[in-house]
Amino acid sequence: MGSQRVVATFHLPREWLGALPDLTDFVEWGSEEPAPRDWLLKEVGEADGLLCTVTDRVDGEILRAARRLRAISTYSVGYDHIDVGAARARGIRVGYTPNVLTDATADLAFALMLAVSRRVVEGDRLVRSGGWRIPWSATFMLGSEVHGRTIGIIGMGRIGRAIARRAAGFDMKVLYSSRTPKPDVAAEYVPLDALLPRSDFVVLAVDLNPSTYHMVDYGFLRRMRRSAYLVNVSRGKVIVERDLIRALEEGIIAGAALDVFEDEPIGADHPLARMNNVVLTPHLGSATVETRRRMAEVAVENLLRGLRGDPMLYEVGSEVP
Ligand code: NAP
């Protein structure tokens, strides 16, 4: 296997890579910045395996340049950045990292729900800016409760289920909409039109695909309660961001908590960054030491198995759960 070249588009700590650098001719993009397209186009030309992540667009052009490529392993559960159909048509297998990041992402969804409705970030900003002057008041910075409310989860997959489990612990009524009902989930399956007006928190946990691209537009937001919050831990392109900004400006919904954005990264001049009823995190869903290490183990194992011609741990389009 030592003669097989593996190109990694991002840096992982050496100890997370296991045997990969020893077993292969390993080349890595050595900066925290996303690998430039030109670098990837050049390097992929001699690669047998590609270790990539969500910031890489692995499209037809890259795949045509990848004359020897046999295995792609993405360090993510989402694979909307890869043209999987084109890869498979060329006999290139695609591995991904489901399950190991599910709980970390569901935890973040709850952190966002609590932060936006209990005004945690706004309160922190107020204290740090010296704005906390009256020690206590019965009506000071009142938020909205999470426990006992209704959560509407859109996308009852791995992460949606983990969010539903947490919601049960908060005594929440759980509604969900998905492409197909999940009889094993203790929650009420409802059409989207019924979920939106009933939910105090609408949480997006779908994958990005043609049916979810720009699913959340002005019409969607108008169907939510004016007192409701929108939470997104899925992909930024599920939301028409300019419609969300308009809805927040007009008070169509109470607030939003977002981990992902249409074009990442966003800066301090972004309209959402100027709104007090919005909580923003920089794509942190899976960002814990434990989860990122487990993702590395899975991604490396997927790649090594792909190069050997063995079944991957998790392969896009395979029957493995
Ligand atoms: P998953 O198990 O594949 O779940 C996706 C769910 O979305 C499925 O249940 C699917 O429904 C549902 N869905 C797809 N299209 C839909 C539509 N039009 N309407 C309603 N539901 C729809 O994936 P997962 O592991 O839970 O991950 C979900 C996504 O979260 C990933 O693809 C990724 O983009 C994102 N993510 C983000 C972070 C982050 O850092 N913020 C971290 C991890 C994952 P059916 O089962 O009925 O087909």
Side-chain angles (χ1 to χ4, degrees), residues 10 52-56 74-82 84 94-113 115 152-166 174-185 187-196 199 202-217 220 223 230-239 256-262 264-266 279-288 290-292 294-296 298-299 313-321:
F10 61 102
C52 65
T53 189
V54 292
T55 46
D56 305 305
T74 184
Y75 187 69
S76 61
V77 65
Y79 46 82
D80 47 276
H81 54 292
I82 301 172
V84 173
V94 181
Y96 68 139
T97 64
N99 297 334
V100 290
L101 46 56
T102 295
D103 284 306
T105 309
D107 283 351
L108 188 78
F110 254 82
L112 289 174
M113 281 169 56
I153 301 170
I154 305 182
M156 190 48 79
R158 290 170 288 254
I159 294 169
R161 286 164 188 262
I163 294 170
R165 286 196 295 274
R166 284 156 179 73
V174 185
L175 309 176
Y176 75 98
S177 84
S178 228
R179 284 181 299 203
T180 51
K182 317 289 178 198
D184 58 315
V185 175
E188 187 181 337
Y189 179 61
V190 291
L192 190 60
D193 272 340
L195 179 144
L196 296 177
S199 300
V202 173
V203 181
L204 304 172
V206 291
D207 57 298
L208 179 63
N209 65 51
S211 73
T212 58
Y213 175 79
H214 279 182
M215 168 192 254
V216 180
D217 58 10
F220 176 111
R223 283 178 279 154
L230 178 73
V231 176
N232 190 11
V233 291
S234 62
R235 282 286 180 268
K237 287 182 170 55
V238 173
I239 298 179
L258 311 167
D259 185 46
V260 285
F261 304 89
E262 277 200 86
E264 298 175 2
I266 65 166
V279 171
L280 308 167
T281 48
H283 204 145
L284 296 182
S286 65
T288 69
E290 300 85 348
T291 289
R292 288 286 166 86
R294 282 195 296 268
M295 288 167 65
V298 172
L313 287 178
Y314 299 107
E315 183 168 345
V316 177
S318 78
E319 293 310 308
V320 182

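Nothing fancy with the numbering, it's 1 onward along the sequence. Read the numbers this way: they start at 1 and go in the same order the structure lists the ligands and their atoms.
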Looking only at heavy atoms, is any part of V206 under 4.0 Å from ligand 1, and if so is it the side chain, the backbone, or both, or is it neither? both
Any idea which part of T180 is under 4.0 Å from ligand 1, heavy-atom wise: side chain, backbone, both or neither? both
Can you tell which part of R235 has a heavy atom less than 4.0 Å from ligand 1: side chain, backbone, both or neither? side chain
Around atom 41 (N) of ligand 1, find the nearest protein heavy atom and jot down its residue, atom name and distance. D259 OD2, 2.8 Å
re atom 25 (O) of ligand 1, the protein heavy-atom contact at minimum distance is R158 NE, 2.9 Å
Ligand 1-proximal atoms of A205, by part, heavy-atom distance under 4.0 Å: backbone
Closest non-hydrogen protein atom to atom 14 (C) of ligand 1, residue and atom name please, with distance? D207 OD1, 3.2 Å
If you have a sec, work out which protein heavy atom is nearest atom 19 (N) of ligand 1 and how many Å separate them, to one decimal? M215 CE, 3.5 Å
Considering non-hydrogen atoms of the protein only, which is the closest contact for atom 46 (O) of ligand 1, and what is the distance? K182 NZ, 2.5 Å
Looking only at protein heavy atoms, identify the closest one to atom 4 (O) of ligand 1 and say how far it is in Å. G157 CA, 3.3 Å
With a heavy-atom distance limit of 4.0 Å, tell me whether L108 approaches ligand 1 through its side chain, its backbone, both, or neither. neither
Nearest-neighbour protein heavy atom for atom 27 (O) of ligand 1, which is reported as residue plus atom name and distance: I159 CD1, 3.4 Å
Students should be able to answer this: which protein heavy-atom is nearest to atom 18 (N) of ligand 1, and at what distance? S211 OG, 2.8 Å
